Asks: 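Following this message is one structure expressed as structure tokens.
Each chain gets a letter, A, B and so on, in the order its sequence line appears, and its residues count up from 1. In this text the structure is predicted, and so the values were computed from the model without any measurement.
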Amino acid sequence: MSARKPERAPDFIREMVAADVAAGKNEGFVATRFPPEPNGFLHIGHSTAICLDFGIAEEYAGTCNLRFDDTNPTTEDERYARAIEEDIGWLGFRWNGPPRYASDYFEQLYRHALQLIRDGKAYVDSSSEEEIREGRGTVTEPGTPGPHRERGIEESVELFERMRAGEFEDGAHVLRARIDLAAPNMKMRDPLLYRIRHAAHWRTGDAWPIYPMYEWAHPLSDAIEGITHSLCTLEFLPNRELYDWVVDNTRPGIEAGEPGSWSPRPRQTEFARLNVDYMVMSKRKLAELVREGRASGEQGIHGWDDPRMPTLSGLRRRGVTPESIRHFCDLVGIAKADKRVDIGKLEHAVRDDLNRRAARRMCVLRPLEIEIENYPEGKTEWLPAPDFPVDVGRRGSREIPFSRRILIERGDFEEDPPADFRRLAPGREVRLKYAYLVTCREVVREPETGRIRRLRCTYDPATRGGSAPDGRPVSGTIHWVSADHGLPCEARLYDRLFTVPNPEEDADFHEHLNPGALVVVPDACIEPSVAGDGSGTHYQFERLGYFVRDRDTGEGGRPVFNRTVELKDPWTRSQLRAEARAEEPAEVPGGSAPPGERAPQVVGEDTGRRDRDGIRRRVPELDERFRSYVSELGLPEEDADLLTGDLAVAGFFDAALAEGGSPRAVANWVVNELLRELKGRSIDDLRFGGPELGRLVGLVEEGDISGRMAKDVFRRMVDKGGDPEEIVRSRGLEQINDPEEIGDLVDRAVEAHPDQTARYREGQTGLLGFFVGQVMRATGGKANPEVVGRLLRERLK
RNA sequence: UGGCCCGUAGUGUAACUGGCAACACGCUUGGCUCUGGACCAAGAGAUUCCAGGUUCGAACCCUGGCGGGCCAACCA
């Protein structure tokens with residue numbers, strides 16, 4: 001039994017939070033929030049976000065708010081909010097204080113908006129929806145200002161106040177931020193902040209004829225609540241720039257008009273959403289299934305909590321436990337790459353949990369009667385059966401009745417069994433679990449159809465409890481129920497809702513609905529011990545799978561059991577695989593691509609080079625330098641090209657070169673190291689200039705410091721500025737070149753790692769890097785790696 | 001098509017920030033077993049998307065390409 005908390009490498013968000021706390025940001029306090037819109041039920045895709053938001057708050061003794069993002073009155077409803085609360089609580093999380101609502105902040109949000117207008121950063125636009133869309137431009141073309149963009153502050157204030165007073169029709173005006181209509185990020189092209197909507201809100205009723213957009217309400221709500229880390233999914237990444245804009249252009253003290261800024265200042269971080277094979281995760285599509293299900297009757301989805309649904313309420317009714325969902329989220333992790341997780345992973349998490357907690361019971365789904373000829377008519381024995389197998393290590397047992405007529409699973413008998421069949425067959429003896437060994441003597445058929453009606457068997461009275469005194473081998477153990485005592489019940493066998501791994505890929509996901517996602521077995525039979533159990537009780541039906549008692553009852557009030565997940569069953573799967581193989585025609589040799597051969601990749605045009613060529617055509621000075629770098633300095637064209645894409649970089653290079661280094665080395669440094677630093681910033685923001693870099697290159701070329709040390713020095717110049725010689729001197733970074741001194745270090749490294757030494761000598765020469773790393777680390781990077789490598793090769797021979 | 005994000009065994013996530021490509025699921029084989037479950041052991045499976053470059057050394061840094069995703073709602 002492994003501990004419940006597996007050691008898991010922290011994800012990038014936890015690393016970030018840990019760093020923030022360590023750096024003392026917000027006095028080390030962590031406040032997160034989970035912000036669902038109450039317009040549908042939570043599904044398993046949300047569980048990663050829930051586990052992350054609430055989990056991080058727990059780990060840092062911080063808080064996590066539950067905030068309903070209820071800014072769109074036409075789609076939202078109270079019943080969704082309540083269902084969301086129930087699901088989060090069921091998962092085992094508790095939110096900080098009462099649930100929050102964006103609608104609680106409507107008044108504040110409104111006042112902040114007025115302030116924004118007064119600051120000249122927002123305006124009322126009276127254009128039509130279509131005009132606004134057109135004015136925004138496209139992803140390739142900038143937008144164009146509409147006629148109201150320069151509307152005066154007073155006029156905008158007045159219009160906005162009248163919007164709030166309800167004087168205008170829906171769509172007559174909107175409030176927009178004045179940012180940048182030419183911004184490459186479409187979200188920054190004067191986003192809408194408020195729209196007029198004469199609709200009753202489920203919480204605020206008719207109090208508001210205008211409603212804030214997500215773009216306005218969300219960052220402000222975070223700021224108002226003092227959220228430190230605002231975590232959301234990847235599709236909001238373009239929103240971050242706007243999120244920051246809103247937070248930076250508003251301030252807590254509205255009336256006073258004092259400058260001030262939000263503290264804590266919330267930061268948005270995005271992670272990839274969770275997708276699971278054979279499921280759909282879009283609330284719209286799930287709502288569609290619920291709506292259509294109501295219309296289509298019996299076979300249709302019965303509601304948000306239909307056990308075929310990926311909703312938390314559906315999974316709950318299916319018998320999935322909150323612990324398994326949380327464990328599943330741990331297994332999946334948090335990262336930034338889009339993911340589609342194997343449904344088998346969820347099933348594993350479910351089995352792993354249920355194996356420990358679900359008591360074993362016996363239930364026969366498709367009964368076949370056996371009559372035990374030598375067992376007295378009318379006799380009943382109550383045989384003890386443990387609730388758990390020994391390996392689970394839990395106590396508890398019940399008694400199950402045994403009689404002359406027993407029901408077994410139809411699939412557990414085979415007249416002409418395959419070689420490795422470990423169940424009942426004519427003349428064979430098997431064990432009825434916890435009862436007796438029985439032998440099949442005769443097959444009784446329906447006279448008309450030839451179908452097997454029942455089996456005649458005999459039992460060995462000496463095997464009571466299931467073990468033979470003589471220790472003879474048995475061909476298998478099967479489950480059973482006494483025909484005279486068993487309880488009729490209904491079993492609902494669930495399977496994946498869709499037949500393809502990614503149903504959302506195609507235009508109409510309905511085509512891939514799995515008609516076999518629910519198979520109802522109305523006439524199953526179960527041992528009587530379960531009669532008094534309540535709905536929600538988990539079981540493992542021996543050899544079948546995990547089941548949970550449903551709240552429904554079947555025909556005549558019989559209990560209903562939902563199959564949560566089947567047991568792993570290599571035998572059935574290998575049978576199915578064999579069948580599939582038999583049906584599929586043998587592969588034609590040479591029909592498909594030969595293994596190991598890869599389709600050649602088409603290499604496209606170098607657009608970066610083309611762009612820089614364009615710049616050089618327009619700036620003769622750069623073009624001149626490009627040509628002289630190639631012809632006079634002997635640089636490769638590729639380097640010369642990168643150095644002459646803009647004047648500042650070329651100038652930096654020239655200044656560095658003037659310090660006397662070789663053109664090739666200086667170019668390498670500029671291209672490989674400087675360009676990285678220039679990614680998020682301009683060359684003017686650098687804390688050092690070309691001459692400093694040139695001197696650094698000089699130190700390397702003179703052999704004063706190693707290339708590796710030079711990178712450390714460079715790092716320091718980036719962070720704090722400074723002169724390379726000075727840094728080297730003050731920190732004692734001079735390179736160790738002395739072979740004798742290095743030889744000692746090499747000896748020590750070899751002696752300290754006998755395992756690796758042996759493996760190296762066996763041919764794992766890739767370990768050389770490991771040894772070099774050891775020596776480099778021991779010297780703080782000061783050893784000359786070339787010398788280290790040479791000596792190591794000699795020593796390890 | 002412009003901008004941004006992302007490419008590591010079949011799947012998901014790591015790799016001490018440039019030094020032995022690891023863990024989990026799945027798969028195969030064996031052991032054990034009164035569940036063809038669980039458990040235990042072993043194994044297969046990777047051109048770290050591709051091509052150049054920097055470096056003693058690249059999954060990691062630079063350049064380019066390829067592929068996937070997101071963004072032009074008065075939705076969130």
Side-chain angles (χ1 to χ4, degrees), chain A residues 6 8-9 11 35 37 39 69 71-72 75 129 132-133 136-141 143 170-171 174 183-187 189 192 194-197 211 213-214 218 234-239 270 272 277 331-342 344-345 348-349 351 355 360 389-392 420 422 431 433-434 465-467 474 476-479 540 542-544 567-572 598 601-609 636 638-639 641-642 668-669 671-673 675-676 707-708 711 756 759 764 766-774 776-777 784-790:
Chain A
R8 165 175 42 80
D11 51 75
E37 185 189 10
N39 67 345
D69 229 327
T71 55
N72 186 358
T75 56
E129 196 171 338
I132 289 175
R133 190 168 45 243
R136 196 150 30 214
T138 67
V139 288
T140 52
E141 302 154 34
D170 284 8
V174 292
N185 181 355
M186 298 291 298
K187 293 280 177 205
R189 320 247 261 229
L192 269 59
Y194 271 92
R195 76 282 211 187
I196 300 173
R197 188 149 299 178
Y211 291 92
M213 304 288 291
Y214 167 88
H218 192 78
L234 240 33
E235 72 271 20
F236 291 102
L237 203 144
N239 284 69
E270 312 82 14
D277 278 350
L331 291 176
V332 166
I334 297 289
K336 283 174 84 166
D338 296 318
K339 60 175 140 241
R340 173 161 293 281
V341 177
D342 185 352
K345 208 148 204 150
H348 163 79
R351 290 190 189 107
N355 176 46
R360 312 294 128 121
V390 280
D391 54 80
V392 172
D420 46 359
R422 304 199 343 223
R431 171 166 37 233
K433 191 158 184 162
Y434 304 130
S467 45
V474 200
T477 303
I478 62 175
H479 62 279
Q540 185 199 94
E542 297 262 7
R543 305 209 304 131
L544 294 177
L567 249 32
K568 270 174 80 177
D569 184 3
W571 194 77
T572 310
R598 209 171 261 238
Q601 188 162 3
V602 184
V603 176
E605 187 192 5
D606 184 341
T607 57
R609 172 67 189 263
E638 198 188 330
D639 287 359
D641 167 46
L642 291 167
N668 279 339
W669 273 86
V671 166
N672 289 309
E673 304 300 324
L675 251 38
R676 157 173 40 178
R708 184 202 155 97
K711 281 181 188 170
Q756 281 82 353
R759 275 159 59 206
Q764 272 198 51
L767 281 167
L768 185 70
F770 164 77
F771 283 107
V772 175
Q774 293 300 314
M776 295 307 286
R777 195 162 299 169
N784 180 330
E786 243 162 319
V787 179
V788 174
R790 182 163 48 80

Asks: For E605(A) and rU1(B), give me the distance from atom CD to atom C1', rounded to whole Å.
Replies: 14 Å
Asks: Considering only the P atoms, how many Å lie between rA38(B) and rC50(B), rounded to the nearest integer?
Replies: 36 Å
Asks: Which whole number of Å gives the distance between the P atom of rC4(B) and that of rA59(B)?
Replies: 27 Å
Asks: Any chance you could measure R609(A), atom CZ, to D641(A), atom CG, to the nearest 0.5 Å?
Replies: 4.5 Å
Asks: In whole angstrom, give me the gap between the C1' atoms of rA9(B) and rA22(B).
Replies: 11 Å
Asks: Within the modelled atom types, does a donor on one side and an acceptor on the other bring the side chain of D391(A) and the base of rG37(B) under 3.5 Å apart?
Replies: yes
Asks: Please round to the nearest 0.5 Å and tell me the distance separating atom OH of Y214(A) and atom CD of E37(A).
Replies: 11.0 Å
Asks: Rounded to whole Å, please give me the gap between CG in D338(A) and C1' in rC4(B).
Replies: 13 Å
Asks: When all nucleic acid strands are considered with a 4.0 Å heavy-atom cut-off, which category describes E542(A): base, sugar-phosphate, or nothing?
Replies: base
Asks: Could you tell me whether the side chain of R759(A) has a donor or acceptor atom within less than 3.5 Å of a complementary atom in the base of rC20(B)?
Replies: yes
Asks: Contact class for V332(A) vs. all strands (heavy atom < 4.0 Å): base, sugar-phosphate, or nothing?
Replies: sugar-phosphate
Asks: Would you please confirm or rule out a distance under 4.0 Å between OP1 or OP2 of rC75(B) and any side-chain N or O of R197(A)?
Replies: yes
Asks: Nearest whole Å is fine: how far is rC6(B) P from L234(A) CG?
Replies: 8 Å
Asks: Going by the rule ring pair (Phe, Tyr, Trp, His ring centres under 6.0 Å), which residues pair with F770(A) if we only count those two or more places apart in sequence or in a different chain?
Replies: H753(A)
Asks: Reckon L642(A) touches a base, only the sugar-phosphate, or nothing at all at heavy-atom distances under 4.0 Å?
Replies: sugar-phosphate
Asks: Using the purine O4'-C1'-N9-C4 or pyrimidine O4'-C1'-N1-C2 torsion, is rU17(B) syn (within 90° of 0) or anti?
Replies: syn
Asks: Is K187(A) touching bases, backbone alone, or none of the nucleic acid, heavy atoms closer than 4.0 Å?
Replies: base
Asks: Look at the side-chain N and O atoms of R360(A) and state whether any lies under 4.0 Å from the OP1 or OP2 oxygen of rA38(B).
Replies: no
Asks: Report the distance from atom CZ of R133(A) to atom P of rA72(B), rounded to the nearest whole Å.
Replies: 11 Å
Asks: Between R189(A) and R136(A), is there a donor-acceptor pair closer than 3.5 Å when you use the side chain of the first and the backbone of the second?
Replies: yes
Asks: Could you check whether R136(A) gets within reach of a base, just the sugar-phosphate, or nothing at all, counting any heavy atom under 4.0 Å?
Replies: sugar-phosphate
Asks: Which nucleotide, rG65(B), rC70(B), rC56(B), lies nearest any side-chain atom of P238(A)?
Replies: rC70(B)
Asks: Could you work out the separation of rC71(B) and rG52(B) based on their P atoms and round it to a whole Å?
Replies: 36 Å
Asks: Take atom C1' in rA24(B) and the same atom in rG64(B), then report the distance between them in whole Å.
Replies: 36 Å
Asks: Under 4.0 Å, heavy atoms only, any strand: does R790(A) hit a base, just the sugar-phosphate, or nothing?
Replies: nothing
Asks: Please pick, from rU11(B), rC56(B), rA14(B), the nucleotide with the shortest atom-to-atom distance to any side-chain atom of D11(A).
Replies: rA14(B)
Asks: Salt bridge (charged side-chain N to carboxylate O under 4.0 Å, His left out) between D170(A) and R197(A): does it pass, once the steps are laid out?
Replies: CA-CA 5 Å; D170(A) 284 8; R197(A) 188 149 299 178; 5.2 Å; no
Asks: What nucleic acid atoms does G466(A) come within less than 4.0 Å of, heavy atoms only: base, sugar-phosphate, or nothing?
Replies: base
Asks: R676(A) near the nucleic acid: base, sugar-phosphate alone, or nothing, with a heavy-atom cut-off under 4.0 Å?
Replies: sugar-phosphate
Asks: Sticking with atom P, work out how far rG12(B) lies from rC49(B), rounded to a whole angstrom.
Replies: 13 Å
Asks: How do D69(A) and R431(A) order along RNA chain B: which one's closest nucleotide is nearer the 5' end?
Replies: R431(A)
Asks: Check whether any side-chain N or O of T477(A) sits under 4.0 Å from OP1 or OP2 of rU33(B), and answer yes or no.
Replies: no
Asks: If you look at every strand shown and take non-hydrogen atoms under 4.0 Å, does F771(A) touch a base, only sugar-phosphate, or nothing?
Replies: nothing
Asks: Applying salt bridge (Lys or Arg N to Asp or Glu O under 4.0 Å), name anything that partners D277(A), two or more places apart in sequence or on another chain.
Replies: none
Asks: In whole Å, what separates the P atom of rC75(B) from that of rC6(B)?
Replies: 30 Å
Asks: Reading RNA chain B 5' to 3', how would its secondary structure be written in dot-bracket notation, given Watson-Crick and G-U pairs with both distances under 3.5 Å, brackets [ ] for crossing pairs and | for partners on other strands?
Replies: .((((((..((((.....[..)))).(((((.......))))).....(((((..]....))))))))))).....
Asks: Nearest nucleotide by nearest heavy atom, which residue falls closer to the 5' end of RNA chain B, G608(A) or T572(A)?
Replies: T572(A)
Asks: Indicate whether OP1 or OP2 belonging to rG36(B) is found under 4.0 Å from a side-chain N or O atom of K568(A).
Replies: no
Asks: Once rounded to the nearest 0.5 Å, what's the spacing between atom CG of N239(A) and atom NE2 of H218(A)?
Replies: 9.0 Å
Asks: Grab the CD1-P distance between I334(A) and rC6(B) for me, whole Å please.
Replies: 15 Å
Asks: Base, sugar-phosphate or nothing for G789(A)? Non-hydrogen atoms, less than 4.0 Å.
Replies: nothing
Asks: Check if the side chain of E673(A) and the base of rU54(B) share a donor-acceptor pair of N or O atoms closer than 3.5 Å.
Replies: no
Asks: Whole Å only: how far is the NZ atom of K711(A) from the P atom of rC60(B)?
Replies: 12 Å
Asks: What integer number of Å spans the C1' atoms of rC20(B) and rC32(B)?
Replies: 34 Å
Asks: If only side-chain N and O atoms of R195(A) are considered, is one of them under 4.0 Å from the OP1 or OP2 phosphate oxygen of rA76(B)?
Replies: yes
Asks: For R543(A), check salt bridge (Lys or Arg N to Asp or Glu O under 4.0 Å) against everything at least two apart and list the hits.
Replies: D412(A)
Asks: Sub-3.5 Å donor-acceptor pair from the side chain of R360(A) to the main-chain atoms of Q540(A), do we have one?
Replies: no
Asks: Checking only heavy atoms, does the side chain of E129(A) share a donor-acceptor pair with the base of rC74(B) at less than 3.5 Å?
Replies: no
Asks: My understanding is that only residues two or more places apart in sequence, or in another chain, count here; which of them pass salt bridge (Lys or Arg N to Asp or Glu O under 4.0 Å) with E141(A)?
Replies: none
Asks: Using atom types as modelled and distance alone, determine if a side-chain donor or acceptor of N355(A) lies under 3.5 Å from a backbone N or O of R351(A).
Replies: no
Asks: Heavy atoms only, 4.0 Å cut-off, all strands: where does R189(A) land among base, sugar-phosphate and nothing?
Replies: nothing
Asks: Any N or O donor-acceptor pair linking the side chain of N672(A) to the base of rG53(B) at under 3.5 Å?
Replies: yes
Asks: What is the distance from CZ of R609(A) to P of rC62(B), rounded to the nearest Å?
Replies: 20 Å
Asks: Classify the nucleic acid contact of D606(A) as base, sugar-phosphate or nothing, counting any heavy atom under 4.0 Å across all strands shown.
Replies: sugar-phosphate
Asks: Base, sugar-phosphate or nothing for F236(A)? Non-hydrogen atoms, less than 4.0 Å.
Replies: base
Asks: Out of rC75(B), rG7(B), rA72(B), which nucleotide sits closest to the side chain of N72(A)?
Replies: rC75(B)
Asks: In whole Å, I'd like the distance from the CG atom of N239(A) to the C1' atom of rA72(B).
Replies: 13 Å
Asks: Who are the salt bridge (Lys or Arg N to Asp or Glu O under 4.0 Å) partners of E542(A), not counting sequence neighbours?
Replies: K433(A)
Asks: Under 4.0 Å between any heavy atoms, over every strand shown, what does V174(A) touch: base, sugar-phosphate, or nothing? Just pick one.
Replies: base
